[in-house]
Colleague: 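Below: one structure in structure tokens.
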Amino acid sequence: MVEQKLKLEKKPIDMRKFWIRLWRLISPSHKQIISLFVLILISEGVKFIGPYLLKNIIDLIVNFKIECIKNIIILIIFIFVSDMFIWLIDYFSDKSIFKLLVEVEKYLSINTQRKMVELGLSYHEKENTGNKIFKIQRGIDKINDLLSNFFWEVGPTIIQIILTGIILYITDWRFGLIFTFFVPVFIHLTSELNKKIAPLRKLRHNMYEEAAGKMAQTIININTVKSFVQEDREVSDFKKIKTDTKKIALLEFFKLLKFNYLRNTIITIGRVFILVLGVYLVWIGSITIGSLVFIITISEKALISLFRISRLYDRIMDSSEAINRLYKLNNQPLDIINPKNGFKVKQLKGIVKFEKVTFIYRDSKIKALNQASFKINADCLTALVGPSGGGKTTVARMIYRHYDPISGAVWLDNKNLVEYDLYSFRKFIAIVPQDVEIFNISVKDNIAYAKPNVNFKEIEAAAKIANADEFIVKLAQGYNTLVGERGIKLSGGQKQRIGIARAVLANPKILIFDEATSNIDSYSEKLIQEALDKISKGRTVIAIAHRLSTIQKADKIIVLENGKVVEEGNHFQLAKMSGGLYNKLLNLQKMGDIR
């Protein structure tokens, strides 16, 4: 099964594209990175002074004369001074690296959070929550790891290798030739290795995201898991994913180890060649013993660092998959584009008009709306009814412009919705959905979510209008009570009333109730219905309902079936239409066949 998957993922990583993407992701830090690189370049250059001075000391000791003591002491002092200078540079470079890493983590997190809230519902509905969170966190962590490795290991080693090669050529061209032969061979082997394990790496990252998504779904739906006694099944499913991940990881790492042996051999042969040549040149008198020590010191350090950098390169390649995924997320095209100079509305009448609107959800072949045309009048209660899947909730989403029509247009106050500034017109709309989304914050803050700076009196007034105050004051800490994740400490009816209070406080011109009373008890329904009646005055109210008894007072009822408007009128007009869909639904509810 694994091999079949690998055959589908044979495309090698485009390293040029990867580095360009990384550079774009960290664009706010370009100046800091260039400054750091200059500091590292100076530091690595100065580090060659110590071994060179040591070479001179050794040559003086080999040919020792009493008058050489003064020169030896001076050289030792110079070594001390150069080391102190290196430590000073390292102190400032390390300080800059830490500042850079903290800053990168900050703005990458903020930018990604901004991108997530800008992306439309269509993206969030198709992407698993756990996958998204894992993708973001892993991508940011890998960028930080890569930058720290680069500035503390990779960058200094690259500079060291280049300077070592130059010095070896200056000292004796044969040393330089050996060095420049083995280094490219080693780099080629490392590159080939990463091409071979790239498909395994990609599959491993896919499985990481799958595991994160599975765990998130289990936790989010923990009540259902426990209610249906499916704990063992969830653990078993998660275990299977992690077991498959382990197999892939071991296959990848074992391939890495095999190549490591070959890479080690290349490094060792290179060291032996330099040592043998050095001993020979000393023997024939071409170089001094001090020069040999200098050459061995810098070449050994460079070649051993080369192996270390190859291990880091392997880790960079591992990071590349996570970073590429984060880049793609940050560059995910917006399906809903806010016009650059969109119309910023200061006041709405609340007239909504759908004109031959057709819409299909992504990955679906069914038309959610099919040439739908109707008008919702200002300051009136308009109800949307019809069988499930008829397009009622889609209408609400399109009024918010969470989606754009495939064809046709949605008009707001006789202006095409796409011409409005998104954030301007949405402030005039509020919705109370069937399943009110509650944050893990206090009751007070949940109600004030649309207007976080309002005073407590306004929050309390909104709660009273929504008939929510009566249960809030009975909670342990009243309005300051934390409600738990997704409002787990509240009943369905209590959540709905908090949702209504939130809508009241937003003071919208257009108010949408999406089956707000469909899944609650009769007492809660009565309180919610009273609240709806209170807040509907002077507003355009759109009520999506299955219970036809709740919308009989509506000024207009629009009946939707299979995305089409099949009937329009008030309750009395539609109830008299023998054979009509509304009449049929009404009779079925009277008989108790449907609610």
Colleague: Ignoring hydrogens and geometry, is there a side-chain-to-backbone donor-acceptor pair from Thr358 to Gln371 under 3.5 Å?
Modeller: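 Answer holds: yes.
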Colleague: Does Asp413 use its side chain to pair, donor to acceptor, with the backbone of Leu348 at less than 3.5 Å?
Modeller: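 No.
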Colleague: Taking the six-membered ring for Trp, is the centroid-to-centroid distance between Phe343 and Phe425 below 6.0 Å?
Modeller: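 Distance test on ring centres: not under 6.0 Å, no.
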Colleague: What pair of heavy atoms forms the shortest contact from Gln552 to Leu586, and how long is it?
Modeller: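 Residues Gln552 and Leu586, closest heavy atoms: NE2-CD1, 4.5 Å.
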Colleague: Taking only Lys NZ, Arg NE, NH1 and NH2, and the carboxylate oxygens of Asp or Glu, determine whether Asp379 and Arg539 approach each other closer than 4.0 Å.
Modeller: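 No, no charged N to carboxylate O under 4.0 Å.
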Colleague: Check whether any side-chain heavy atom of Leu22 lies under 4.5 Å from a side-chain heavy atom of Tyr327, and answer yes or no.
Modeller: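 A side-chain contact is absent here, since even the closest heavy-atom pair is not under 4.5 Å.
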Colleague: Under 3.5 Å, is there a donor-acceptor pair linking the side chains of Ser29 and Tyr107?
Modeller: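 A pair is found: one side chain offers a donor N or O, the other an acceptor, under 3.5 Å apart.
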Colleague: Donor-acceptor pairs under 3.5 Å, side chain of residues 455-464 to any protein atom, not counting sequence neighbours: which ones?
Modeller:
residue, atom, partner, partner atom, Å
Asn455, OD1, Lys457, N, 3.2
Asn455, OD1, Glu458, N, 3.0
Asn455, ND2, Glu458, OE2, 3.3
Glu458, OE2, Asn455, N, 3.4

Colleague: Is Lys242 reaching over with its side chain to a backbone N or O of Ala211, donor-acceptor style, under 3.5 angstrom?
Modeller: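 Between the backbone of Ala211 and the side chain of Lys242 there is no qualifying donor-acceptor contact (under 3.5 Å).
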Colleague: Compare all side-chain heavy atoms of Val395 with those of Leu369 and state whether any distance is below 4.5 angstrom.
Modeller: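 The answer is yes, as the side chains (C-beta and beyond) meet within the 4.5 Å cut-off.
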Colleague: Would you name the heavy atoms of Gly139 and Ile323 that are closest together and state the gap between them?
Modeller: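 Shortest heavy-atom separation between Gly139 and Ile323 comes out as O-CG1, 4.2 Å.
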Colleague: Indicate whether the side chain of Tyr403 and that of Asp335 have a donor and an acceptor atom separated by less than 3.5 Å.
Modeller: no
Colleague: Regarding Lys214 and Glu234, does a basic nitrogen lie under 4.0 Å from an acidic carboxylate oxygen?
Modeller: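 Answer for the salt bridge query: yes.
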Colleague: Could you check whether Asp445 pairs with Arg502 (Lys NZ or Arg NE/NH1/NH2 to Asp/Glu carboxylate O, under 4.0 Å)?
Modeller: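 No, this pair does not count.
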Colleague: Looking only at heavy atoms, which two atoms of Asn338 and Leu422 are closest? And how far apart?
Modeller: OD1-N, 2.7 Å
Colleague: Regarding Thr393 and Asp514, is there a side-chain donor-to-acceptor distance under 3.5 Å anywhere?
Modeller: yes
Colleague: Mind listing the closest non-hydrogen atom pair of Ala554 and Asn570 along with its distance?
Modeller: O-CB, 4.2 Å
Colleague: May I ask you to check whether Arg426 and Tyr400 show a side-chain donor-acceptor distance below 3.5 Å?
Modeller: no
Colleague: Ignoring hydrogens and geometry beyond distance, is a side-chain donor-acceptor pair present between Glu105 and Ser109 at under 3.5 Å?
Modeller: yes
Colleague: Do the numbers put Lys367 on top of the ring of Phe359, so that NZ or CZ is under 6.0 Å from the six-membered ring centre and no more than 45° off the axis?
Modeller: no
